Amino acid sequence: QSRLEQSGGGSVRPGGFLRLSCAASGFTLRNYAIVWFRQAPGMEREGVSCISVSMATNYADSVGVRFTASRDDDQNTADLQMRSLKPEDTAVYYCAVAPPAAVKFCSGYPEEFHEYEYDYWGQGTQVTVSP
């Protein structure tokens with residue numbers, strides 16, 4: 001059975017660091033662009049980052065240089081490192097994958113990436129940033 005399994009996340013104080021991981025099984029990540037989303041209570045799901053098959057990255061303005069997306073195709077995993085976390089980063093975070101063309105090769109605005117279709121989704125992991 002093909003799936004994405006997420007790990008990481010948790011609770012941290014403002015200014016802290018967390019890392020999320022996304023592991024694929026049953027298929028190879030090498031063929032997919034990887035998008036990280038988040039959804040806060042009462043809010044729409046929004047894309048925060050995209051990493052292409054060529055390792056090019058694109059980030060939402062709200063996370064800018066604070067977040068770093070990476071991938072290890074040999075290990076079939078992807079990570080999202082989040083630093084200088086703010087209370088407004090509190091949300092459930094999801095990884096998702098799509099063929100590169102389906103997300104326009106990670107070009108454009110990640111905030112709008114919820115409009116695309118994805119082949120697989122992770123189960124989501126909670127990130128809470130509070131004093």
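Quick caveat: nothing in here was measured; it's all calculated off a predicted structure.
In this structure, CH2 in Trp36 is found 11.0 Å from CD1 in Ile51, a value given to the nearest 0.5 Å.
Within the structure, side-chain hydrogen bond (donor to acceptor under 3.5 Å, both in side chains) pairs that include any residue of residues 13-23 comprise Ser21-Asp79 (at least two apart or interchain). Residues in residues 93-108 take part in these side-chain hydrogen bond (donor to acceptor under 3.5 Å, both in side chains) pairs, two or more places apart or across chains: Arg38-Tyr93.
For Val12, the side chain to side chain contact (heavy atoms under 4.5 Å, CB included) partners are Leu18, Leu85, Val129, not counting sequence neighbours. With sequence neighbours excluded, the residues satisfying side chain to side chain contact (heavy atoms under 4.5 Å, CB included) with Asp74 are Arg30, Asp72. With sequence neighbours left out, Asp73 forms a salt bridge (charged side-chain N to carboxylate O under 4.0 Å, His left out) with Arg71. Glu112 pairs by the salt bridge (charged side-chain N to carboxylate O under 4.0 Å, His left out) definition with nothing, not counting sequence neighbours.
The two residues Leu20 and Gly8 make their nearest non-hydrogen contact at CD2-C, 3.8 Å. Thr57 and Ala69 make their closest contact through CG2-O, 3.8 Å (heavy atoms, listed as atom of the first residue, atom of the second, distance). Minimum interatomic distance between Phe105 and Ser52 (heavy atoms only, all atoms of both residues): O-CB, 4.3 Å.
With a 6.0 Å radius and a threshold of 12 heavy atoms from other residues, nucleotides or ligands, Phe17 has its CZ atom above the threshold. Atom CD of Glu44 is surrounded by 12 or fewer heavy atoms from other residues, nucleotides or ligands within 6.0 Å. By the 6.0 Å contact criterion, CD on Glu88 is enclosed, its count of non-hydrogen atoms from other residues, nucleotides or ligands being greater than 12. A 6.0 Å sphere centred on CZ of Arg3 holds no more than 12 heavy atoms belonging to other residues, nucleotides or ligands.
Taking the centre of each ring, Tyr118 and Phe37 come in below the 6.0 Å mark.
Ser7 and Glu5 form no side-chain donor-acceptor contact under 3.5 Å, judged by distance and modelled atom types alone. A donor-acceptor contact closer than 3.5 angstrom is absent between the side chains of Thr128 and Ser130.
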